[in-house]
Structure formats: C-alpha cells, structure tokens
Amino acid sequence: MKQFSSPFFSQLSVSWQRLGLRWKLTVALAAAAIFPAAIVTESLIQLSTLNFERQLQEQLRSSLDDLDWEINNLSYEARIQALLIANALRAENGNLRVREMMQPERLALVLERVDVSEQPMNIMMIVDATGTVLAQRTMLLAASEAQLLNLQEQITSPYRLAPSQTTSIAALAPFRVGRDRQEMISGLVLLNGAELKLLGLERQGKITLRPQPITNLPVQEQPAPAGTYPIEDGNIGLFAFAAKPLYEGNQFQGMILTGVLLNKMPDLVDRTQQWSTVETVATIFAQDLRIATNVPYLDGQTRAIGTRVSRQVASTVLDQDRIFQGKTNIIGSPYATLYQPLYDFRKILGLPHPPPIGMAFVGKSQAWISAMITQKRLAAFVITLITLAAATGWAYVSANAIVKPIQALANSTRRVREGNLDAQVRVESFDEVGDLAESFNAMLVQLRRSFQELEQKNRSLEQIRDELIEANEQFEAVLNAVPGTISWINAEGIYKGVNRKLAETLNLPPEAFIGRPLGFLHEDGELAEFMHEFVNSPDLFASRVISVKRNGKIIFYLVALQKYMKGTHTVSVGIDITDRIRAEEALRIAEENYRSIFENALEGIFQASADSRFIRVNAAMASIFGFDSPEQMVASISSIRDQVYVEESTRDEITNHFDSGNTTGHFEFKAYRRDRQIIWVEVDMRAVLNADGSIAYYEGLVQDITERKYREQAMQQQIEELKVEIDHEKRRQQVAEITETEYFQQLRQQASYLRKRSHRMTI
C-alpha cells in the first residue's frame, strides 16, 4: 500500500508545489470549509428549531397576557363608567343627600347623559338598598348572528340600545358582596340563564351549541360528557362588571352596577390576534364552552363559537386549576396551545368562591409550525451551499488582495495631501492592512463629517434665531390677547415683564415694570405680599382671591402663581372676578331671604315629586301633620297617596285635574296626621313643568281648616233643625185654618150624623 501510494503522493506534491499561492489558499480554504459547514448547518437547524419553538411559546404567553389584559380592561372600563355615573349623579343633583337623589327620573336622566363612546356597557343601572332597580340602560350587540360568526377581523363590536327593565338584582352575587364589603368591587362573574334573563342579556348571552368532529379522536381530546360542566345548553355568560355602593354616612343607600357581557364579542379576541407577531388565534370560554373566538369552524368561513374544549384541557384548567400548555386537537385540527383559568371576582377579594369559571386561550396551528420548520431547514441548506461557493471565491480573491490595498493606500494618501478628501481606499482584506485602510477611510469620513456638521450647525443657528424671533412675537401676541393680567418675576421679586392688559389697567407702559420690584405700586400691597410669600415658599403653584383698588373702586382678582425654570422664576395670571363675587353675594342674600320666608311662614309650604313623595316641607307644614321637624316628615312619608289622603276620590280628583292640562288648583280634603287623626286641609297647588311639558314636581300652600269645617258642619245641622221646626209650625197653622172653614164644619156634622146612625143600626 505504501509503495502503491508513494508515486501518487509524490506527483501530487510536485503538482501542489507548482500551484500559485492564490490557488493553494483557494483549495485549502474550500476543503477546510466543506465538512465543518455540514456539521454546523445541522446544528444550526436544530438550534433554530428549538429557538423557534421557544419564541413561539413566548409569543403565545405574550398573546395570552394580551387577551387577559383585554378581559381585565373590561372590568376596568366598567369601574370607570361606574365612577362617571357617580360623579354625574353628584353633579346633576348638587348638594342633595344620597337618599334624596335616588329618584328614578333623576337617575334615568343621569344614565342617558353618561358617555359610552369609549367602551359601551351592556348594563348600566342604579338600584336602591334593597336591590330594586331605579334606573337602567341596556345595550346589546347590534350585529346579526351571521355577522358575529363571520371570520372577518373586527376591531369594535357595534352596540344598540335595547329596551329592558330589570326589577331587582338582590339575588346577584355582585350586589350582595358590594353591599357587605362597603367598597367598590369589580371582576368576572359567571351568569346562568336565569340571571342573563333577569338583566335582559339573554339574547346576546345565548350560545348555540354546534357539532364538532370526534370520530377517531382519543377520549381525552373529545369534549367532556354532557352535564359535566354547567353550560345549560349555551345559556351562560361571562360578565365583566363593576359595582359601586352608594353610602350616606355609614348607611347603605344603593348601588351603581355596570358591566360588559363577553359572549359573542369578536373584537375582544381579534385585537389580541392583531397584536401578536405570529398571528395566533384566541378564545374566551365560559366553563368549557367557546363564547368568543376567532378559531375557524369546520366550514373555514365562520367562527367556532358554540363548540367545546377537550376534556383533557377542561380537567386540567377547570378541575385542577392549572395552566395547560401543549398540543391538542381543536375542531379536528392540531394546535400548539396555552390555556389559563379565569376566576370569579370573589377569589381576588379573598372570599369563598367557586372553582375557575372559564378559560382564556391562545394557540397556533401545528400545520403552520411544521411548515415554518421545514422552510427554515431548506433555507439553512441553501445558505450553506451559497456560503461554500462564496468561500471558494473568497479564497481565490484573498491572495490577490494582499498587495493591492497597500498600493491603493499609498495613492490615496498622496491625493489627501493634495486636498482631495474623497480619496478613500477600497478595503479588500481584513488583516492589518485592511485595518489600516479602514482607519484611513474612517479618518476621511470623520473629516468630511466635521466640515458638514460645521456647515449644518451654522445653518441651524440661523434657523433657530429666526424661529426664536417668530416664537417671541407669537408669545407676545398670545399674552396680549389674554383678557386677564399676566406678569413674570425672578427669584428676587423683580419684574421681568407684563402683558398689555396689566399695563393698560394701571395706565403704565409695559416697559415701566421691567426691573422694578414687587410692591412699587402701593395700591397693590396685598398682591405684592402674596407674591413675596409664594416666591419664598417651596410651593410650585398657588392661587388666591386678591382685592385691589383701581380708580377708587375695589376690584377682586383670582390670582394664580406658577414657578418655572426650576423654581427661579414665577408667572402670575390674574382674572377679574368682581362681577362673580358680587353676584355670589347677591345670590347668598337672596337664598337667605328665601330660606327665612320658607322656614318662618305661618302657612304650610311644600314641594312634592311626581311620584307622590315630599321633596321639601317647612316647619308649619310639619306641625300641621303632627311631625316634630320637616326632616322627620319627609323621611316618614314615602307615599302621599297612601299616607296623607283619607279618601281615594281626593287623589283621583287632584290627579285628573292636573292631567287635564291645568297647572294650578285649589282643593279641600280630609287628611291623616302622623297619629292617624283626620283633619281638614285647604291646599293651593301648582305644577312645575319640565322643558318638554312634563310635570317635574308640585309645590303649594297648606292650611288646617278642621275647626272651620267643624263650625260649618254645626251651623249646617242647626239650619236643618230650624227648617224642620219651621215646616212643623206651617202644618199646624194650615190645619187650624182648614178646621175653621164652613166646608170643614159641614163635613164634621155629616161625620157626626153618620156615627150616630151607625150606632142606632147596631142596636
């Protein structure tokens, strides 16, 4: 073997020696690259596959976090809406106490004005302390069933106002928990069919169960047997809500309930898909039932709403309360999946709670994953082949590139010496010569950049100067257009400038203030003292109402101070509020006069709502009806019809009177006092109307006329008795007149004759 191979290797050695250095390097580098390239390529493929799978899991985790955020954000939006309703309720009713605000008409008006453009709520309602609904606004998804099942991506779900009237929510868990904890709560709750119907959400909440293939599937990948989880033939729903109790003192007065039903909300899952970099699919489950999803159904055209998850996933997530991660079958297709439990709101509050009420899911088709891995493998081999070809070419060129850069560097150095800064060297190697060439090129680039930056800075400075001039003119125009006074001072209390309004107010030019200290005008002593205090304090902002004397008149200004430039300068803004101060004082005096007349009037005065409740009464009114105070009367009488009117005809008479279009009326009727004693009252009433002509409330004057009524009744009785006596006397006189007539005497004689004759005949 040795003898056979020696001539061959000798010839090969001779041939190798005759080769030029360029070809030697080419053959050596190409041979050295072939075997490592194959090993490295396969290793890279394996690492790339593992890295792809890891990134996919991270993307699934990120998408699941996005979906969980979308779900939690609905509860957060519900909290915002509840707070908006509470604030609107306060703003609408002013200084009224909570229990006085709990009027259906007031509350319905508040709900109509709440802005729902950001995130519409399915339910917005206000209930009293017993859970009885006082005002309600219900909105449902306006899309048809076909539109909701369409796989086309939806960013927002259309809503429409739906007529619905819930009587009471006392049986709902959010009401009970919010009432007992005395704080605002939010989260998810699972609603059954009866609860959906109670809230008027049964149409949106109804999920039609759809068939799904189970043939040839392992038992663990089939849905759980019917009845394993309480899905009630699709009559369940996940409800993201917020419940804000309303309290007055420590007494529970009612609650604001807002919420969104997650059923059939395509935008909720589509937004999650939109954020994902690998186009994952997402689903929200109520128990093991899909209620919102963008997973395609068997037809490939509709969403798989109404299908159920495999029993393996349901058991892991719902029964064992664990996250499920792995491959599973979804509607006949394998997916890489990630499921996590959705919890009842009571778990977050640390209260006794049911097991997980649903699941959040994200996943990616396994077919897509396999295609991506195959594509990466093919791409790796193509890159390897291209790399080997490039390595061979590079080996050929590298030998030739050793001398050329040195010569090119010398030529470029000479051109630079002559003043040509564009004389760059072409870098064809990565050795020391290549480093030198790159350094030379970098030096040239830096020189050119320095010259360019210098020119750019000069142009920028000119532009900045022009912009500063323009900005200063605009700033002065804005300051002079402001209707209030504006000034700014430095830390030593020296004026740096004022606007035109302040200068005109003091009849001085703006230049007269610059460089002058605070208080140089003795009329502004209070203002100067306030500004001095603020400048010497650590506060960054302060405001105060200041009175100054202008042309012999006292003028009130609302002055706001703000520090800037790290607290070294202060800007002052003043607004003339003299008219407002005087108007407030006049209003206060008028209110005191009205309150004095109302409270000290000898006649009873009242205001009553259209639903037969007293809004306000005075002391005389409370005294007439036997109450110790007006507050006691308002709180005690919840229905004027049932607790004041003695006769139903009285109530009907008054109601018919005002329903017929009259706005004033005079009535006398019997009424109950607090001790159920019956009295007579005289009432002069008028109806106060809303802008649309409906009755807002009633007000009127009340007098106790019981004594007068009793006197009238006694006088009437005396008149009746006198009439009887007069009639009796008239009859006696008439009889006497008849007996004295000649005709009556004849009749008497005939009667006496007849009696005597009858007597003789009898004998």
Side-chain angles (χ1 to χ4, degrees), residues 74-75 78-79 81-82 85-86 89 98-99 102-104 107-108 111 121-140 162-207 227 229-248 251-263 286-287 289 291 318 342-358 638:
L74 292 179
S75 299
R79 292 178 71 95
Q81 292 293 351
I85 293 173
L89 187 61
V98 174
R99 62 181 179 180
M102 302 296 279
Q103 304 294 331
L107 303 181
L111 292 184
M121 296 287 108
N122 285 110
I123 286 293
M124 293 191 300
M125 63 173 54
I126 305 176
V127 303
D128 62 15
T130 65
T132 301
V133 177
L134 302 177
Q136 175 180 351
R137 192 177 186 191
T138 302
M139 300 184 71
L140 298 177
S164 179
Q165 184 59 48
T166 303
T167 57
S168 173
I169 63 168
L172 294 182
F175 173 79
R176 299 196 307 269
V177 175
R179 176 195 60 195
D180 297 340
R181 289 183 66 88
Q182 302 185 10
E183 64 180 1
M184 187 173 183
I185 61 172
S186 63
L188 288 178
V189 65
L190 183 67
L191 301 179
N192 57 32
E195 292 169 334
L196 288 172
K197 186 174 183 181
L198 174 67
L199 294 176
L201 303 177
E202 66 275 12
R203 182 176 177 182
Q204 182 178 333
K206 172 62 179 175
I207 302 295
Y229 302 101
I231 63 173
E232 299 186 15
D233 292 331
N235 292 306
I236 60 171
L238 286 182
F239 188 59
F241 75 94
K244 175 175 176 54
L246 298 175
Y247 279 85
E248 187 170 70
Q251 186 174 4
F252 177 65
Q253 298 293 334
M255 180 178 293
I256 299 172
L257 179 66
T258 60
V260 178
L261 188 64
L262 275 60
N263 294 34
Q287 294 293 330
L289 179 65
I291 61 173
L318 298 179
L342 296 177
Y343 297 104
D344 186 272
F345 72 99
R346 284 163 286 194
K347 177 180 175 64
I348 301 173
L349 297 176
L351 301 175
H353 60 277
I357 58 177
S638 59

Can you check side-chain contact (heavy atoms from CB on, under 4.5 Å) on Phe252 and Gln182, steps first, answer last?
CA-CA 8 Å; Phe252 177 65; Gln182 302 185 10; over 6 Å; no
Walk me through whether Leu134 and Met102 qualify under side-chain contact (heavy atoms from CB on, under 4.5 Å).
CA-CA 8 Å; Leu134 302 177; Met102 302 296 279; 3.7 Å; yes
Before you tell me yes or no, could you show the steps for Phe345 and Leu351 under side-chain contact (heavy atoms from CB on, under 4.5 Å), namely the whole-Å CA-CA distance, both residues' side-chain angles and the distance that decides it to 0.1 Å?
CA-CA 9 Å; Phe345 72 99; Leu351 301 175; 5.7 Å; no
Is there a side-chain contact (heavy atoms from CB on, under 4.5 Å) between Leu261 and Leu196 once you walk through the steps?
CA-CA 9 Å; Leu261 188 64; Leu196 288 172; 3.9 Å; yes
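Between Leu188 and Tyr343, the shortest heavy-atom distance links the atoms CB-O, 3.7 Å. Scanning both residues, Ala243 and Pro174, for their nearest heavy atoms gives CB-O, 4.2 Å. Nearest heavy-atom pair, Leu201 versus Ile123, reported as atom, atom and distance to 0.1 Å: CD1-CG1, 3.9 Å. The minimum heavy-atom distance between Gln287 and Tyr229, with the atom names listed, is OE1-CD2, 3.7 Å. The nearest pair of heavy atoms linking Lys244 to Ala86 is CE-CB, 3.6 Å. Nearest heavy-atom pair, Pro104 versus Ala135, reported as atom, atom and distance to 0.1 Å: O-CB, 4.3 Å.
Using a distance-only test at 3.5 Å, with no hydrogens or angles considered, no donor-acceptor pair links the side chain of Thr132 to the main chain of Ser168. Of the possible donor and acceptor atoms, none in the side chain of Asn235 sits under 3.5 Å from a partner among the backbone N and O of Gly193. Remark: the backbone N or O of Lys347 is not paired with any side-chain donor or acceptor of Asp344 at under 3.5 angstrom. Remark: the backbone N or O of Asp233 is paired with a side-chain donor or acceptor of Lys206 at under 3.5 angstrom. Side-chain N or O atoms of Arg137 include none that pairs as donor or acceptor with a backbone N or O of Met125 at under 3.5 Å. Panel note: side chain Asn263, backbone Ile236; a donor-acceptor pair is recorded below 3.5 Å.
A side-chain N or O of Asn122 and one of Gln204 form a donor-acceptor pair less than 3.5 Å apart. Between Thr138 and Gln136, the side chains place a donor N or O and an acceptor N or O closer than 3.5 Å (distance only, hydrogens not considered).
Once rounded to the nearest 0.5 Å, the distance linking OG1 of Thr166 with CG of Leu172 reads 9.0 Å. Atom CG of residue Leu238 and atom CG of residue Leu191 lie 8.0 Å apart, to the nearest 0.5 angstrom. The line from CD1 of Ile357 to CG of Leu318 is 10.0 Å long, rounded to the nearest 0.5 Å. Atom CZ of Phe241 sits about 10.0 Å away from atom CZ of Arg79, to the nearest 0.5 Å. Note that CD1 of Ile169 and CZ of Arg176 are 10.5 Å apart. Values are rounded to the nearest 0.5 Å. To the nearest 0.5 Å, atom CG of residue Leu257 and atom CD1 of residue Ile85 are 9.0 Å apart.
Within 6.0 Å of the CZ atom in Arg181, the count of heavy atoms belonging to other residues, nucleotides or ligands exceeds 12.
Counting heavy atoms from C-beta on, the side chains of Gln165 and Val133 come closer than 4.5 Å.
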